[in-house]
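Data first, discussion second: the structure below is written as structure tokens.
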Amino acid sequence: FISAAFHLLNALVPSSIPPPQNPRRWVEYALSSSVMMAGILMLSGIWDVTLLSILSLCNAVMCLMGIVAERSWAIGQKDYLAFSLGGFLGLLPWSVILGNLFHGSPPAFVYVVIFGYMLLFCLFPAVFLWQWSGSLQDSKDKAPRAEKIYIFLSLSAKALLLWGVIGGINQPNRYAD
């Protein structure tokens, strides 16, 4: 619902910020991917509310660093600090997930969801770097295509999580009576 609300907002209310910047995308990702990250953390066995909150917040701040990076790069200052800080914060939840995942024995669908989502998760910064490689004009030219790739990755990640969990929980398992 979060993504749908933002897509509706983008369709009905044009942004006053010119491409290639899109701060709404980063705000939507900060909200929706943090909810998804909390779900993946729980799938991996993390149930502590404080840890879930901190790692979800790390994920949200990582996404919001995209706004900072885009703003600096859009004025011709390719400042990698925001990008690097965001990347570091984004790795924290994954390190906890992987550390916890291999200490237990979750059902097979959990591995599929986690590693599939991790792959899609890692493609977002790759698209960002591709879009912003070259000159500012190149970035403006790449913006429509990059936006479509971001939307595809976002919807794919959400679909993978949804169908992986729905398919997984409906499978017979060793815990059933």
Taking distance alone, no hydrogens or angles, what donor-acceptor pairs closer than 3.5 Å link side-chain atoms of residues 116-133 to residues at least two apart or in another chain?
| from | atom 1 | to | atom 2 | distance (Å) |
| --- | --- | --- | --- | --- |
| Q131 | NE2 | P20 | O | 3.4 |
| S133 | OG | W130 | O | 2.8 |
| S133 | OG | K142 | NZ | 2.9 |

Closest approach of A82 and V68, non-hydrogen atoms and distance? CB-CG1, 3.6 Å

Run the ring-ring contact (aromatic ring centres under 6.0 Å, His included) test against Y80 and tell me which residues pass, sequence neighbours left out. W73

Spell out, yes or no, whether W47 and I97 are grouped together once hydrophobic residues are joined by side-chain heavy atoms under 4.5 Å, including indirect joins. yes

Rounded distance [0.5 Å steps], CG in L155 versus CG in L162: 12.0 Å

Got a sec, which residues hit side-chain hydrogen bond (donor to acceptor under 3.5 Å, both in side chains) with E147, two or more places apart in sequence or on another chain? N22, R25

Does one hydrophobic cluster hold both F102 and I40, with members joined at side-chain heavy-atom distances below 4.5 Å? yes

What salt bridge (charged side-chain N to carboxylate O under 4.0 Å, His left out) pairs are there with at least one residue in residues 149-163, not counting sequence neighbours? E28-K158

hydrophobic_cluster_shared for L98 and L161, side chain cutoff 4.5 Å: yes

Atom NZ in K78, atom CG in L136: separation rounded to 0.5 Å? 8.5 Å

Heavy-atom closest pair, residues E70 and P23: OE1-N, 4.3 Å

Can you sort out the partners of V110 under side-chain contact (heavy atoms from CB on, under 4.5 Å), two or more places apart, ordered by chain and number? L43, L101, P106, P107, I114

Please name the pair of heavy atoms, one in S72 and one in A69, separated by the smallest distance, quoted to 0.1 Å. OG-O, 3.1 Å

Indicate every side-chain donor-acceptor pair of residues 51-62 with a distance under 3.5 Å to a residue at least two apart or in another chain.
| from | atom 1 | to | atom 2 | distance (Å) |
| --- | --- | --- | --- | --- |
| S53 | OG | V49 | O | 2.8 |
| S56 | OG | L52 | O | 2.8 |
| N59 | ND2 | S33 | O | 3.4 |
| N59 | ND2 | S33 | OG | 2.7 |
| N59 | ND2 | S34 | OG | 3.2 |

Would you say F115 has more than 12 foreign heavy atoms packed within less than 6.0 Å of its CZ? yes

For L89 versus P93, what's the shortest heavy-atom pair and its separation? O-CD, 3.1 Å

Can you list every side-chain hydrogen bond (donor to acceptor under 3.5 Å, both in side chains) pair that touches residues 84-101, not counting sequence neighbours? none

Partners meeting side-chain hydrogen bond (donor to acceptor under 3.5 Å, both in side chains) with Q137 (sequence neighbours left out): D141

Residues in side-chain contact (heavy atoms from CB on, under 4.5 Å) with F152, at least two apart? S156

In terms of hydrophobic clustering (I, L, V, M, F, W, Y; side-chain heavy atoms under 4.5 Å; direct or indirect links), are L91 and M65 co-clustered? no

